[in-house]
Each structure stands twice: as structure tokens, then as C-alpha cells.
Novice: 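Just passing along the structure, written as C-alpha cells.
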Amino acid sequence: MAITKTAPQDSAEREDTEADGGADDGRHLNSPLLLTLLLLTAVMFQDPIRGALAAPVMQSWMTVFVAVIVQALPFLVLGVLLSAAIAVFVPPSFFARALPKRPALAVPVAGAAGAVLPGCECASVPVAGALVRRGVTPAAALAFLLSAPAINPIVLTATAVAFPGNPEMVLARFVASLLVACSMGWLWHRLGRTDWLRPPARASYEGQGKGPAFWDSVRHDVTHAGGFLVVGAMAAATLKAVVPAQWLGLAAGNPVLSVLVLATLAVLLSICSEADAFVAASLTQFSLTARLTFLVVGPMIDLKLFAMQAGTFGRAFALRFAPATFALAVVVSALTGSVLL
């Protein structure tokens with residue numbers, strides 16, 4: 001009796017499985033069909049599509065987009081390779097031994113270290129977390145977190161290439177970024193509380209060999225930084241080609257408003273620091289001071305950095321650190337621009 005009862009159940013289960021499999025097969029067959037329909041639609045409407053792409057606005061958009069990508073991509077790739085090498089092959093304990101024991105002195109040393117240790121902001125967050133976990137004072141680690149993606153050789157070289165007629169922009173970016181990084185480090189040392197900062201629990205590349213960790217880091221940074229570069233290039237091209245010139249002129253003509261607009265734009269676009277100079281250079285409607293603010297704010301606080309900082313150090317830290325960094329970066333950039341530019 002047991003066998004008799006079980007057999008129909010197994011048969012029913014097989015029928016259900018076959019039915020489910022048939023349904024799955026049907027769903028899988030829909031994907032090529034959908035792709036075919038999309039291709040047929042594109043072929044049917046190729047003349048309107050070709051006409052839209054041939055419009056002067058689209059030609060201008062594509063020219064700016066391609067120019068930004070082509071100029072920025074070599075610096076982005078080189079920066080990603082160097083930052084991955086540092087994150088994987090340089091032990092975090094090296095920084096703990098190299099920094100002074102007194103936090104007030106460790107902050108400027110860590111901030112200046114960013115000038116000789118290339119890396120983008122995507123790499124600086126886990127490195128700063130590793131420094132805190134290895135015993136480096138948080139004030140110094142945070143100064144490094146802010147300075148490394150803003151004043152390293154790759155970023156400064158990219159800035160010089162993007163602004164060939166304004167070499168003073170390189171010096172202004174270096175000075176303003178270093179001042180903000182050190183000031184935020186000292187501010188955290190003075191006012192920060194231990195319970196606001198939650199160090200990460202484990203190393204970023206724990207359990208991996210050097211080679212796999214290096215290429216994992218490269219793939220991660222290329223995927224994230226490359227995607228943000230494309231978004232930034234699209235936004236810059238849209239601003240140049242689509243937004244009415246009088247709108248940008250209205251914002252650019254007001255010294256205070258232009259600085260605030262580009263500071264906010266830097267946060268929203270979230271462009272990698274190895275590529276942001278080329279986007280800033282394309283915003284010719286704005287003053288050098290406003291574009292300097294864009295270059296100082298972006299590597300220190302944007303949407304992706306806020307998410308990374310909250311995930312690494314905790315939400316309580318990010319909600320306090322990010323607004324303070326933004327406000328200080330805007331003020332220091334405006335003051336530095338008024339003196340050096």
C-alpha cells in the first residue's frame with residue numbers, strides 16, 4: 001500500500017517538475033525573442049534614430065563625452081593599478097611605524113603622505129580602515145583618507161594636463177586639499193568621540209594570495225571608477241550640449257552660487273579623482289575658483305564615498321564627518337582660489 005501511494009506522488013512530482021521545466025524553458029526562450037524584437041524595432045526606426053544622432057546637439061554631446069573619456073582613461077587605469085599595488089603589497093603596519101606617536105604631529109605627516117602614495121578614493125577608504133585597525137590614531141588615518149585621492153602624483157599630473165593654460169590650478173588644488181585634510185584630522189582629534197567611529201573588523205584582502213588580491217582590487221576599482229567616469233562624462237556633455245547657456249551663465253555669473261553649484265555637482269556626480277579634472281576643465285562657463293571647489297570637494301565627499309565611509313566606519317561617523325568635510329572644503333577652496341587663482 002505504501003508503494004502504491006508513493007508512486008502516484010512521485011509521478012505527480014515528476015509531472016510538476018516537467019511542467020516547471022517547461023515553464024522555465026519558455027521563459028528562457030523569451031529572452032532571445034525580446035532581443036530580436038528590440039533589434040527589429042531599431043532597424044525599423046533606424047532613420048529617426050540616425051537623424052537624432054546627426055542633430056547638432058547630439059554631435060556636440062558625443063564630442064564632449066568622447067573627449068572626456070579619452071583624456072581621462074589613461075590616468076584612471078594607471079591610478080587603479082598603483083592603488084591596487086599599494087593596498088595589497090604595502091603592509092598597513094608600515095604606516096603605523098612611519099607616523100609620529102603624537103596625533104597632532106601624525107595628522108600633517110599622514111596628510112602629506114598622500115602626495116607620494118597614489119590611490120583613488122575607492123582605495124583610500126579601506127586603507128584608512130586598515131590603518132585604524134592596526135593602531136594608527138584615527139585623526140591621522142582620516143587625514144590620509146582625505147588627502148591621498150586628492151593630492152597624489154597621478155591626480156596632480158592629470159590636473160596639469162586638463163588645465164594646460166592654468167598651471168596655478170595644480171598648486172591651488174594641492175594646497176586646498178592638504179589644508180582640508182589636515183584640518184579635518186585635527187578637528188576629529190579635538191572633537192571626535194571613540195563611539196562615533198567603528199573600525200572594520202577584518203582586512204580587505206584577508207585569506208587571499210597577493211596576485212589574486214591585486215587583480216580583485218583592480219577589477220573592483222576599474223568597475224566602480226570606470227562607471228562613475230562614464231556617468232560624469234555624460235553629465236558634463238549634457239551640461240555643455242543640452243542645458244541652455246543662459247542657465248549656466250546665470251549660475252556661473254554669481255561667484256557664490258557658482259561655487260555652491262559645482263560643489264553640489266561634485267557630490268552628485270561621484271567621479272573618480274583620477275578623472276575629475278577633465279570634467280572640471282570642460283565646464284568653461286564657470287570660474288577657476290568654482291572649478292577648484294569641484295576638484296577639492298569631489299575626492300573627499302560624494303555619494304559613493306559616503307556609502308563607503310558609512311559601511312567601513314559606521315553611520316554615526318559618516319553622518320558627522322561628511323557634512324563637516326563638505327562645508328570646510330567649500331570654504332577652503334573659495335579662500336584658496338581667491339588667493340592663488
Novice: For residues E168 and L340, determine if any side-chain heavy atom of one lies less than 4.5 Å from a side-chain heavy atom of the other.
Specialist: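 Answer no - side chains too far apart.
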
Novice: For residues 314-338, which residue pairs pass the ring pair (Phe, Tyr, Trp, His ring centres under 6.0 Å) check, not counting sequence neighbours?
Specialist: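 Of all non-adjacent pairs touching residues 314-338, those that pass ring pair (Phe, Tyr, Trp, His ring centres under 6.0 Å) are W188-F317, F313-F317, F317-F321.
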
Novice: Start with the C-alpha distance between Q309 and L145, add both sets of side-chain angles, then the distance that settles side-chain contact (heavy atoms from CB on, under 4.5 Å), and finish with yes or no.
Specialist: CA-CA 10 Å; Q309 291 173 4; L145 182 150; 3.7 Å; yes

Novice: List the atom of A140, the atom of V107, and the distance in Å for their closest heavy-atom pair.
Specialist: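 A140 and V107 have their closest heavy atoms at N-CG2, 4.0 Å.
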
Novice: Find out whether C182 and L178 are in side-chain contact, i.e. whether some heavy atom of one side chain is under 4.5 Å from a heavy atom of the other.
Specialist: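 Side chain of C182 against side chain of L178, heavy atoms only: contact under 4.5 Å found.
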
Novice: Do L156 and V175 sit in the same hydrophobic cluster, where Ile, Leu, Val, Met, Phe, Trp and Tyr count as joined when their side-chain heavy atoms come under 4.5 Å apart?
Specialist: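 Yes; V175 is reachable from L156 via cluster members.
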
Novice: Considering residues at least two apart in sequence or located in another chain, which fulfil the side chain to side chain contact (heavy atoms under 4.5 Å, CB included) criterion with A290?
Specialist: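 For A290 the side chain to side chain contact (heavy atoms under 4.5 Å, CB included) partners, ignoring immediate neighbours, are S258, V259, L262, F286, S287.
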
Novice: Considering all heavy atoms of both residues, which atom of N152 and which atom of I154 are nearest to each other, and what is their separation?
Specialist: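 N152 and I154 have their closest heavy atoms at OD1-N, 3.0 Å.
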
Novice: For a quick test of reading the model, state the closest non-hydrogen atom pair linking F294 to L265 and the distance between them.
Specialist: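 So the minimum-distance heavy-atom pair works out to CE1-C, 4.1 Å.
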
Novice: Roughly how far, to the nearest 0.5 Å, is CG of N254 from CG of L260?
Specialist: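 The CG atom of N254 is 8.5 Å from CG of L260, to the nearest 0.5 Å.
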
Novice: Taking R173 first and then D276, would you say they form a salt bridge - that is, a charged N and a carboxylate O separated by under 4.0 Å?
Specialist: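 Here R173 pairs with D276 in a salt bridge, since their nearest N and O are under 4.0 Å apart.
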
Novice: Say whether L319 and V267 are linked into one hydrophobic cluster, either directly or through other cluster members, by side-chain heavy-atom distances under 4.5 angstrom.
Specialist: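 Yes; V267 is reachable from L319 via cluster members.
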
Novice: Report whether W186 and V109 are members of the same hydrophobic cluster (ILVMFWY, side-chain heavy atoms less than 4.5 Å apart, transitive linking).
Specialist: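 As far as the 4.5 Å side-chain criterion goes, V109 and W186 are not connected within one cluster.
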
Novice: Are L295 and L283 grouped together when hydrophobic residues (ILVMFWY) are joined by side-chain heavy atoms under 4.5 angstrom apart?
Specialist: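 Yes; tracing contacts between hydrophobic side chains, which count when under 4.5 Å, links both residues.
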
Novice: So, using side chain to side chain contact (heavy atoms under 4.5 Å, CB included) as the criterion, who are the partners of V332 when residues are at least two apart?
Specialist: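 Testing V332 for side chain to side chain contact (heavy atoms under 4.5 Å, CB included), a comparison that skips the adjacent residues, returns A176, L179, V180, L328, T336.
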
Novice: Between T293 and A334, what is the shortest heavy-atom contact and its length?
Specialist: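 Scanning both residues, the minimum pair turns out to be OG1-N, 4.4 Å.
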
Novice: Under 4.5 Å between side-chain heavy atoms, counting indirect links through other Ile/Leu/Val/Met/Phe/Trp/Tyr residues: same cluster for F144 and L105 or not?
Specialist: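 Each belongs to a different hydrophobic cluster.
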
Novice: Report the distance from atom CG of L292 to atom OG of S333, rounding to the nearest 0.5 Å.
Specialist: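 The OG atom of S333 is 5.0 Å from CG of L292, to the nearest 0.5 Å.
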
Novice: Of all heavy-atom pairs between S147 and G114, which one has the smallest distance, and what is that distance?
Specialist: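 What the structure gives for the nearest pair is OG-CA, 3.8 Å.
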
Novice: Within the side chain of S177, is there an N or O that forms a donor-acceptor pair under 3.5 Å with the backbone of F174?
Specialist: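 Not a single qualifying donor-acceptor pair exists.
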
Novice: Nearest 0.5 angstrom please: S273 OG to M300 CE, how far?
Specialist: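 Atom-to-atom, S273:OG and M300:CE are 10.5 Å apart.
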
Novice: If you look at every heavy atom in A150 and L146, which pair is closest and at what distance?
Specialist: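 Scanning both residues completely, I find the closest heavy atoms to be CB-O, 3.7 Å.
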
Novice: Do I301 and F306 come within less than 4.5 Å of each other through their side chains, counting heavy atoms only?
Specialist: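 The answer is yes; the side chains approach within 4.5 Å.
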
Novice: What do the steps show when you test T159 against F163 for side-chain contact (heavy atoms from CB on, under 4.5 Å), and what is the final call?
Specialist: CA-CA 6 Å; T159 305; F163 292 89; 4.1 Å; yes

Novice: V155 versus P299: any side-chain heavy-atom pair under 4.5 Å?
Specialist: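 No, their side chains stay 4.5 Å or more apart.
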
Novice: Determine whether H189 and L142 make a side-chain contact, defined as any pair of heavy atoms from C-beta on separated by less than 4.5 Å.
Specialist: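 No, every pair of side-chain atoms sits at 4.5 Å or beyond.
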
